[in-house]
Amino acid sequence: MAFVRKLALGGAVAALMGTTSVASAAEQVEVLHWWTSGGEAAALNVLKEDLAKKGVEWLDMPVAGGGGEAAMTALRARVTAGNPPTAVQMLGFDIKDWAKEGALGNLDEVATAEGWDAVIPGALQEFSKYDGHWVAAPVNVHSTNWVWINKAALDATGLGVPANWDELVAVLDKMKENGITPLAHGGQAWQDATIFDAVVLSMGNDFYKRSMIDLDPAALNSPEMVEVFNRMTKLRSYVDDNFSGRDWNLASAMVINNEAGMQMMGDWAKGEFLKAGKVPGTDFVCIRFPGTQGSVTFNSDQFAMFNVTDADAKAAQAKMASSVEDPVFQSAFNVVKGSVPARTDVPDTDFDDCGKKGIADLAEANGNGGLFGSMAHGHAAPAAIKNAVYDVVTAQFNGEYDAETAAAELANAVAEAQ
Ligand code: BGC
């Protein structure tokens with residue numbers, strides 16, 4: 001774990017050193033992001049091309065590392081050096097934290113002119129606004145409780161799509177028997193935590209809320225949480241020997257290339273399948289993690305705009321924010337990214353079946369009290385608590401704790417991080 005963290009930090013520092021400081025130029029945005037996989041880069045291109053058409057020059061600051069931990073380290077260094085990027089891909093509570101520090105700009109003018117209040121869901125506005133002012137422009141809504149299954153491998157089991165935990169285990173067992181790695185996974189803390197999100201949610205909406213949102217110690221250290229960790233141990237038995245440290249998109253590639261049966265990952269994984277020319281329903285199947293249908297653990301990528309003094313830079317920020325919220329862009333980008341629009345008025349016409357399901361599931365969850373921020377992706381609690389959860393989840397996944405100890409450690413770690 002410590003080793004994995006160090007590697008991530010190394011990447012961040014390297015990326016930082018490769019970045020020269022940016023002189024202010026007319027209509028220019030320097031954008032820090034972690035969209036470096038094939039599917040992510042394809043989606044980002046939609047934005048780059050859109051801005052190029054509008055005469056805004058794009059200065060790229062990619063910091064590789066799924067989940068964005070390395071990107072956030074690089075950002076801290078840039079801000080400390082007094083030279084923040086113009087716009088930064090950011091998740092949930094990180095936006096609140098930077099806003100609290102007074103580091104973010106103000107997008108009220110463009111937001112008011114374009115009526116964002118009426119079309120961006122409240123669950124996102126919670127993070128896009130600070131103190132009543134718009135500080136970030138939401139790009140999408142992702143969710144973490146998905147499973148991406150190789151269709152041929154599923155068919156070969158002779159079993160149907162799993163609808164609950166026991167059926168999931170039956171499918172995984174059968175895949176193992178069939179000589180395929182049942183679960184493609186990368187052993188990185190954020191990926192372990194992404195599966196954990198879904199397993200916690202599979203114990204019920206109320207349990208997810210009490211443990212991950214309310215951080216209730218009685219839920220964190222409970223028989224239900226012990227069961228969650230037992231399930232994590234079970235899932236660990238289906239990964240291959242080389243899973244440690246693997247990047248998430250390489251795990252997706254295992255499913256794409258018929259080397260593995262399934263991946264439990266947010267819907268950015270769909271971007272990889274599409275990039276590889278795979279078709280939902282034919283080559284792969286997308287389902288909600290068994291036992292979580294009707295509920296959604298979401299995260300939303302937003303472009304947080306940093307304080308800039310230069311008038312041209314401010315204008316470029318406003319142009320970028322306006323482009324991001326354009327309904328046509330929202331459809332074009334999210335179709336490629338695997339996410340769903342950050343506005344409620346974008347038609348699902350251009351989305352594939354998984355995208356249509358994503359849009360419908362989000363509306364359903366929002367209507368029935370089943371929509372929750374993802375702990376793994378910074379929408380349930382601030383970074384200090386998220387990192388405490390990561391540490392326990394990863395230690396347990398790698399056999400350091402039994403399930404009972406892990407539940408007790410989780411409650412302790414969360415209490416200490418608050
Ligand atoms: C982001 C996604 C990204 C994924 C993997 C998530 O935290 O929200 O946009 O594709 O990490 O890098």
Side-chain angles (χ1 to χ4, degrees), residues 31 33-51 53 58 66-68 87 89-92 95 114 116 119-125 127-128 136-146 148 194 248-249 252 265-281 284 286 288 296-304 320-366 371 373-374 377-379:
V31 185
H33 63 89
W34 65 93
W35 285 332
T36 55
S37 78
E40 291 172 331
L44 193 62
N45 260 337
V46 178
L47 180 58
K48 285 183 185 170
E49 281 166 15
D50 195 48
L51 287 177
K53 269 189 232 141
W58 180 282
Q89 178 195 354
M90 211 178 269
L91 297 173
I95 306 175
E114 296 182 356
W116 293 4
V119 289
I120 294 175
L124 303 193
Q125 287 193 32
F127 299 105
S128 324
V139 193
N140 60 14
V141 186
H142 271 303
S143 54
T144 57
N145 57 319
W146 286 103
W148 308 92
T194 300
W248 67 272
N249 52 317
S252 306
M265 185 47 67
D267 37 15
W268 47 90
K270 195 187 76 179
E272 299 303 300
F273 283 83
L274 299 183
K275 188 83 198 340
K278 301 297 178 190
V279 178
F284 67 97
C286 55
R288 291 293 171 180
V296 166
T297 38
F298 81 97
N299 62 299
S300 164
D301 293 300
Q302 308 214 11
F303 281 116
M320 178 173 171
S322 165
S323 293
V324 161
E325 300 313 331
D326 180 329
V328 175
F329 167 81
Q330 281 282 324
S331 178
F333 176 92
N334 288 304
V335 158
V336 180
K337 183 69 170 69
S339 36
V340 306
R343 302 173 58 117
T344 50
D345 60 347
V346 179
D348 70 1
T349 328
D350 290 345
F351 287 79
D352 59 31
D353 289 350
C354 297
K356 286 189 166 68
K357 174 171 167 52
I359 293 171
D361 286 353
L362 185 66
E364 181 190 347
N366 193 30
L371 179 63
S374 152
H377 294 267
H379 282 69

Does Lys357 NZ have over 12 foreign heavy atoms under 6.0 Å away? yes
Any chance you could lay out the side chain to side chain contact (heavy atoms under 4.5 Å, CB included) test for Phe273 and Asp352, step after step, and finish with the verdict? CA-CA 12 Å; Phe273 283 83; Asp352 59 31; over 6 Å; no
Step by step, would you call Leu91 with Asp301 a side chain to side chain contact (heavy atoms under 4.5 Å, CB included)? CA-CA 6 Å; Leu91 297 173; Asp301 293 300; 3.5 Å; yes
Can you find a heavy atom in the side chain of Glu325 that is under 4.5 Å from one in the side chain of Pro138? yes
Find out whether Gln89 and Val31 are in side-chain contact, i.e. whether some heavy atom of one side chain is under 4.5 Å from a heavy atom of the other. no
Pro280 versus Cys354, closest heavy-atom pair with distance: CB-SG, 3.6 Å
Tell me, with the steps shown, if Lys337 and Trp268 meet side chain to side chain contact (heavy atoms under 4.5 Å, CB included). CA-CA 6 Å; Lys337 183 69 170 69; Trp268 47 90; 3.6 Å; yes
Minimum heavy-atom distance between Ala342 and Val141, given as atom pair plus value: CA-CG2, 4.1 Å
Going from NE2 on His379 to CG on Asn299, what distance comes out if it is rounded to the nearest 0.5 angstrom? 5.5 Å
I need the minimum non-hydrogen distance between Ile120 and Gln125, along with the two atoms involved. O-NE2, 2.8 Å
Rounded distance (nearest 0.5 Å) linking atom CG of Leu362 with atom CZ of Phe298: 8.5 Å
Heavy-atom side-chain proximity of Met320 to Leu47 below 4.5 angstrom: yes
Are any of the side-chain heavy atoms of Ile95 and Ser128 separated by less than 4.5 Å? no
Could you give the distance from CZ (Phe284) to CG (Leu274), rounded to the nearest 0.5 Å? 5.5 Å
With distance as the sole test, does Gln330 use its side chain to make a donor-acceptor pair with the main-chain N or O of Val139 at under 3.5 Å? yes
With a 4.5 Å limit on heavy-atom distance, are the side chains of Phe303 and Met90 in contact? no
For Trp34 and Gly67, work out which heavy atoms get closest and say how close. NE1-N, 3.4 Å
Which heavy-atom pair separates Ala42 from Lys275 by the least distance, and what is that distance? CB-CD, 3.9 Å
Could you walk me through whether Ser339 and Asn334 pass the side chain to side chain donor-acceptor pair (under 3.5 Å) check? CA-CA 5 Å; Ser339 36; Asn334 288 304; 2.6 Å; yes
If I take atom CZ from residue Phe329 and atom CD from residue Glu49, how far apart are they, to the nearest 0.5 angstrom? 11.0 Å
Look up atom CH2 in Trp148 and atom CD in Glu272, then write down how far apart they are to the nearest 0.5 Å. 11.5 Å
Using modelled atom types and a 3.5 Å cut-off, is there a donor and acceptor pairing between side-chain atoms of Ser331 and backbone atoms of Pro327? no
Centre-to-centre under 6.0 Å for Phe333 and Trp35, is that the case here? yes
Which heavy atom of Trp248 sits nearest a heavy atom of Glu40, and at what distance? CZ2-OE2, 3.4 Å
Inter-residue atom distance Asp267.CG - Asn145.CG, 0.5 Å rounding: 9.0 Å
